[in-house]
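Only one structure is covered here, and it is reproduced in the block below.
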Amino acid sequence: MEKPTMPKQVDHRERRESIARALWRVVEQRGVAHLSLREVAQEAGISHGALQHYFASREAMLSFAMDFASEQATLRVGRGLQELGDRPHPRDVLRVMLTEMLPLHADARATSRMSAAYVLEALHNKTIHAQAHSGMAQGRVLVEQLVRQAIADGHIRPDRDPVTETNLLLALTGFTPLIELDVIEPQEALTAIDQYLDRLFTRNDHGQGREAERSR
């Protein structure tokens, strides 16, 4: 006698992430104007009703998709920092963080476009605005902490204002639309980031080391 087949257990977190990735694809391939529950359900290969089982509204779906995008970006940064080894130089840490915010490869491009759609939605939705503000503010605090520590450790001149330097560093992520619209090449953005970081960090520290390596 055959044993009864047990129904397959559904991993709800996995299904939510699958829907979030479908939402990313809709945004990336068709634009935010097509961001609806029906469009995302079709892209995810599930029924509209099945999608509503996980997300009752467009707002809830978009919020989860953005949280998931942030998680993926954090994981990419973490992998980049691991490659730097133990006690990485703060310049290199900042470079990893900045470059992972730019659409330089498929995953980063998807999350970058998702972020752009999210900001547009936040301008007209108080709940999403509060969530977006909180996430960005936390990211900014992290960068400022790195800058302040680099100043304290002597990597950045003590006369530099950490608030202003943090804002200028984050402004470098503004290369995103220039890259997306083919105004500049990705390498041009990377060159600008490297030159800015070289100017920010003192010459007798990391700058000289980089120059020495180039001269070999």
Under a single-linkage definition using a 4.5 Å side-chain heavy-atom cutoff for Ile, Leu, Val, Met, Phe, Trp and Tyr, are Val119 and Met114 assigned to the same hydrophobic cluster?
-> no

Check for a donor-acceptor pair, side chain of Ser134 on one end and backbone N or O of Gln131 on the other, with a separation under 3.5 Å.
-> no

For the residue pair Phe175 and Ala192, what are the closest heavy atoms and their distance?
-> CZ-CB, 3.6 Å

Find out if a path of hydrophobic residues (ILVMFWY) with successive side-chain heavy-atom gaps under 4.5 Å connects Leu84 to Leu169.
-> yes

By salt bridge (Lys or Arg N to Asp or Glu O under 4.0 Å) - contacts of Glu59 (at least two apart) = none

How would you list all residue pairs meeting salt bridge (charged side-chain N to carboxylate O under 4.0 Å, His left out) that involve residues 178-187, not counting sequence neighbours?
-> Arg113-Glu180

Ignoring hydrogens and angles, tell me if any N or O in the side chain of Ser63 forms a donor-acceptor pair with the backbone of Ala60 under 3.5 Å.
-> no

Pair Arg91 + Asp194, salt bridge at N-O below 4.0 Å | yes

Among Arg15, Arg13, Arg21, find the residue that satisfies the side-chain hydrogen bond (donor to acceptor under 3.5 Å, both in side chains) test when tested with Glu17.
-> Arg13

Kindly say whether Leu35 contributes a backbone atom to a donor-acceptor pair with the side chain of Arg58 at under 3.5 angstrom?
-> yes

When you measure from the centre of the six-membered ring of Phe64, is the NZ or CZ of Arg16 under 6.0 Å away and within 45° of the axis?
-> yes

With Arg157, which residues qualify under salt bridge (Lys or Arg N to Asp or Glu O under 4.0 Å), at least two apart?
-> Asp159

Return yes if a side-chain donor-acceptor contact under 3.5 Å exists between Arg148 and Thr166, otherwise no.
-> no

Is the side chain of Thr164 donor-acceptor paired with the backbone N or O of Asp161 at a distance under 3.5 Å, no angle test?
-> no

Using the six-membered ring wherever Trp is involved, compare the ring planes of Phe201 and His155 and label them parallel, tilted or perpendicular (cut-offs 30° and 60°).
-> tilted

Smallest heavy-atom separation, Arg140 atom then Leu170 atom, equals CG-CD1, 3.3 Å

Which one of Val77, Thr74, Thr173 satisfies the side-chain contact (heavy atoms from CB on, under 4.5 Å) criterion with Glu100?
-> Val77

Has the side chain of Arg95 got a donor or acceptor atom that lies under 3.5 Å from a matching backbone atom of Ile193?
-> no

Hydrophobic cluster membership, Leu172 vs Met101, 4.5 Å side-chain cutoff = no

Ignoring hydrogens and angles, tell me if any N or O in the side chain of Ser70 forms a donor-acceptor pair with the backbone of Met66 under 3.5 Å.
-> yes

